[in-house]
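Every number for a ligand or one of its atoms is a count from 1 in the order of the listing.
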Amino acid sequence: MENVAWWKGAVIYQVYPRSFCDSDGDGVGDLAGLREKLPYLKNLGIDAIWLSPIFRSPMVDFGYDISDYREIDPLFGTMEQFKELLDACHRSGLRMILDLVPNHTSSEHPWFVDSRSSLQSVYRDWYIWREPGPDGGPPNNWLSVFGGSGWELDEASGQYYYHTFLSCQPDLNWRNPDVSAAIQDVLHFWFAMGVDGFRMDALWYILKDEQFRDNPPNPEYKAGQPPDYQFMPLYTADHEEVHDLIAAMRRTADAYQDRLLIGEIYLPPVRLVRYYGLDLEGVHLPFNFALLECAWHARTIATLIEEYENILPEGSWPNWVLGNHDRPRIASKVGDDQARVAAMLLLTLRGTPTIYNGDELGMPLAEIRPDQVQDPLELNVPGLGLGRDAVRSPMPWDSTAQAGFSEREPWCPLIGDWQIRNVAALDQEPGSILNLYRRLLNLRRRYHSLALGSYHPVAARGDALVYIRKSAQSDSVLIALNLGSEAQKVIAEGMSGEILLSTVDAEMHGPVADKFELRPNEGLMIAVSTGAKLKAASVSSQLSKT
Ligand code: TEU
């Protein structure tokens with residue numbers, strides 16, 4: 001393979017550490033548990049682990065409220081164990097990406113404790129403090145993403161501080177260069193230890209309007225939507241100058257070899273791709289969440305792929321996400337059969353894919369009774385369907401007690417069908433979704449076109465979505481996905497090739513020429529023979545339903 005950055009051909013796997021594997025029997029996953037499972041991840045065929053936060057934290061937002069950026073929380077283990085894990089990953093050829101939360105700290109972080117202790121504190125200006133508004137209330141109308149005003153009154157000083165998320169997650173003041181320097185130091189600390197990259201949390205929020213202007217009302221807001229949608233986040237997110245701050249972090253990453261920066265950014269595609277930086281001096285990969293929220297229709301998906309491909313800046317590299325610890329599980333969204341098609345889509349699009357742990361088992365959302373809710377977002381803003389506990393259910397490893405996840409009751413309920421949907425059981429079934437993921441990951445390694453080749457749309461008609469991945473030097477693979485439950489006929493005159501993989505029949509192989517049929521809910525991958533000329537237009541115009 002040519003000399004390209006490792007993360008371009010890589011597949012990233014998100015581990016939610018609380019829910020991966022518990023080694024010490026406290027019901028919560030930990031680093032030693034993850035280490036035990038490295039052979040599973042290696043065998044699955046992924047290249048890099050992104051670990052949601054493991055730093056010291058009061059855990060009100062399950063680790064996204066950090067009180068020490070340089071310590072491992074005892075719940076997860078020790079620094080020693082982390083170093084061992086990192087070493088074990090590297091020995092087995094896996095990279096390790098950590099989760100940096102630059103927008104806010106926990107209110108228990110010593111910086112904030114000092115900041116709130118007095119108006120004269122050297123840390124006072126590390127956070128966003130304001131005098132009350134003219135009516136004595138909050139300084140302006142900025143709302144928290146997690147419900148209510150974004151401003152919290154500090155009785156002692158009579159000033160308010162700003163928090164994009166929970167009130168115990170005060171926002172850092174990125175207008176203060178000391179804050180930027182402190183976060184760069186955190187990056188240096190972990191990069192020097194050998195960490196391969198960072199996923200940076202809530203990156204589009206870190207800089208706010210210098211004049212603290214009110215956000216304008218959102219005319220499209222409807223009751224039932226997240227409460228902060230009432231206003232357009234004009235002055236609280238996606239600030240023009242945020243790119244300079246990100247570029248500074250990128251320079252830090254670039255001081256080391258082969259390090260990766262990913263940004264968590266929920267924005268429309270045109271705004272999102274700006275986070276690559278005008279001269280690609282931003283993050284390497286601004287997470288592309290387009291598949292998380294789109295309707296599951298061939299044309300919708302074809303359009304969003306094309307829109308994204310068309311606006312990617314010159315030289316930038318795409319990426320795709322199908323699930324994470326914040327959003328509903330794909331299998332619950334599209335059903336078991338389509339979860340397999342979704343896997344083929346994720347792992348054959350151009351760009352770096354990120355798999356959320358458990359999606360390779362087709363995990364559905366867990367059932368959470370009202371008295372089991374722990375997610376602070378759901379507790380703050382109940383009943384809108386925003387709760388995230390259901391997507392954070394522990395990995396079911398086998399059919400023994402507690403699904404082999406822990407010796408005692410897990411911190412969050414297991415999925416309903418864990419006794420049959422678990423790693424040990426799916427491992428034994430040749431046609432299971434787990435084995436489908438393994439095959440897909442294996443094909444990405446074998447076919448240069450899948451890992452690094454170009455993307456060519458062919459057709460999106462009815463429920464059929466067809467595209468080709470081509471590698472200039474070598475192979476071409478045609479991917480045909482049936483997003484519905486009726487068979488589809490695909491006519492591709494002049495095309496001949498070999499079936500590589502079907503989502504509905506693990507044994508299916510053999511030659512195809514000129515036309516083929518997609519069974520209900522079937523995704524097919526075909527290695528196109530060399531020399532075959534596929535004319536996208538002719539395939540598209542002849543694509544027909546049976
Ligand atoms: O999420 C940021 C974010 O935008 C959230 O609003 C997300 O959309 C929300 O969880 C609703 O699904 C990141 C983390 O991924 C999330 O787990 C944290 O709670 C949040 O930051 C605050 O740190």
Side-chain angles (χ1 to χ4, degrees), residues 12 14-19 50-55 57-67 69 73 97-109 112 142-148 150 162-172 183 198-206 208 224-231 233 236-238 242 262-268 271-272 275 286-293 321-330 332-333 354 356-357 365 368 373-393 412:
I12 299 171
Q14 179 188 359
V15 168
Y16 194 67
R18 293 183 76 80
S19 302
W50 148 36
L51 202 47
S52 280
I54 47 167
F55 312 112
S57 160
M59 301 287 167
V60 184
D61 193 20
F62 299 110
Y64 284 95
D65 47 331
I66 296 170
S67 55
Y69 288 94
D73 195 275
I97 299 164
L98 292 185
D99 205 319
L100 182 78
V101 183
N103 180 69
H104 49 271
T105 66
S106 159
S107 53
E108 290 182 22
H109 194 294
F112 187 73
W142 295 357
L143 295 181
S144 157
V145 173
F146 284 178
Y162 183 64
H163 55 92
T164 301
F165 299 96
L166 298 172
S167 57
C168 65
Q169 291 169 304
D171 281 31
L172 285 162
I183 296 292
F198 276 96
R199 172 263 190 192
M200 297 193 284
D201 187 70
L203 199 55
W204 78 115
Y205 280 118
I206 66 174
K208 291 93 188 166
Q225 288 184 325
D228 62 308
Y229 284 22
Q230 289 169 61
F231 296 98
T236 41
D238 196 23
V242 74
I262 304 173
E264 187 215 22
I265 299 145
Y266 285 90
L267 284 176
R271 301 296 301 179
L272 174 70
Y275 285 74
F287 262 152
N288 167 18
F289 296 123
L291 290 175
L292 285 183
E293 267 149 31
V321 178
L322 202 56
N324 62 33
H325 64 295
D326 291 332
R327 299 291 151 120
R329 289 266 185 195
I330 183 71
S332 291
K333 175 175 158 184
T354 300
Y356 177 51
N357 64 193
L365 291 169
I368 307 290
V373 172
Q374 296 177 71
D375 176 16
L377 174 54
E378 179 66 20
L379 292 171
N380 270 8
V381 192
L384 297 183
L386 299 174
R388 302 169 297 175
D389 294 309
V391 67
R392 298 173 177 179
S393 182
C412 171

Among all protein non-hydrogen atoms, which one is nearest to atom 9 (C) of ligand 1, and what is the separation to 0.1 Å? Arg388 NH1, 4.0 Å
Who passes side chain to side chain contact (heavy atoms under 4.5 Å, CB included) against Ala390, sequence neighbours left out? Leu365, Ile368
Looking only at heavy atoms, is any part of Phe287 under 4.0 Å from ligand 1, and if so is it the side chain, the backbone, or both, or is it neither? neither
Derivation of the ring pair (Phe, Tyr, Trp, His ring centres under 6.0 Å) call for Phe165 and Tyr205: CA-CA 10 Å; Phe165 299 96; Tyr205 280 118; 5.6 Å; yes
Closest to atom 8 (O) of ligand 1 (heavy atoms only, candidates His325, Glu264, Arg327) is Arg327
Thinking salt bridges, do Lys208 and Asp238 make one under a 4.0 Å N-O criterion? no
Taking the side chain as every heavy atom from C-beta outward, state whether Ile97 and Ile12 have any pair of such atoms under 4.5 Å apart. yes
Would you please determine whether Trp204 falls within less than 4.0 Å of ligand 1 on a heavy-atom basis? yes
Mark the output for Arg392 as yes if a heavy-atom distance to ligand 1 is under 4.0 Å, and as no if none is. yes
Should Asp61 and Arg388 count as an ion pair when the cut-off is N to O under 4.0 Å? yes
Show your working on ring pair (Phe, Tyr, Trp, His ring centres under 6.0 Å) between His163 and Phe146 and close with a plain yes or no. CA-CA 9 Å; His163 55 92; Phe146 284 178; 9.6 Å; no
Using distance alone, determine whether Tyr205 and ligand 1 share an N or O pair under 3.5 Å. no
Among all protein heavy atoms, pick out the one at the shortest distance from atom 5 (C) of ligand 1; state its residue, atom name and that distance to 0.1 Å. Phe165 CE2, 4.0 Å
Which protein non-hydrogen atom lies closest to atom 13 (C) of ligand 1, naming both residue and atom, and how far is it? Asp201 OD1, 2.8 Å
Starting from atom 15 (O) of ligand 1, find the nearest protein heavy-atom neighbour and note its residue, name and distance. Asp326 OD2, 2.5 Å
For His104, the ligand 1 atoms whose distance to one of its heavy atoms is below 4.0 Å: 22 (C), 23 (O)
Give a yes or no on whether Phe231 atom CZ has more than 12 heavy-atom contacts from other residues, nucleotides or ligands under 6.0 Å away. yes
Hey, would you say the His325 and Tyr64 ring centroids sit under 6.0 Å apart? yes
For Val145, counting its heavy atoms only, list the atoms of ligand 1 lying under 4.0 Å from any of them. 6 (O)
As a quick check of understanding, evaluate side-chain hydrogen bond (donor to acceptor under 3.5 Å, both in side chains) for Gln169 and Thr164, giving each step before the final call. CA-CA 8 Å; Gln169 291 169 304; Thr164 301; over 6 Å; no
Taking the non-hydrogen atoms of Phe146, is any one of them nearer than 4.0 angstrom to ligand 1? yes
May I ask you to identify, for Asp61, whether its side chain, its backbone, both or neither come under 4.0 Å of ligand 1 on a heavy-atom basis? side chain
Contact region, His163 to ligand 1, non-hydrogen atoms below 4.0 Å, reads neither
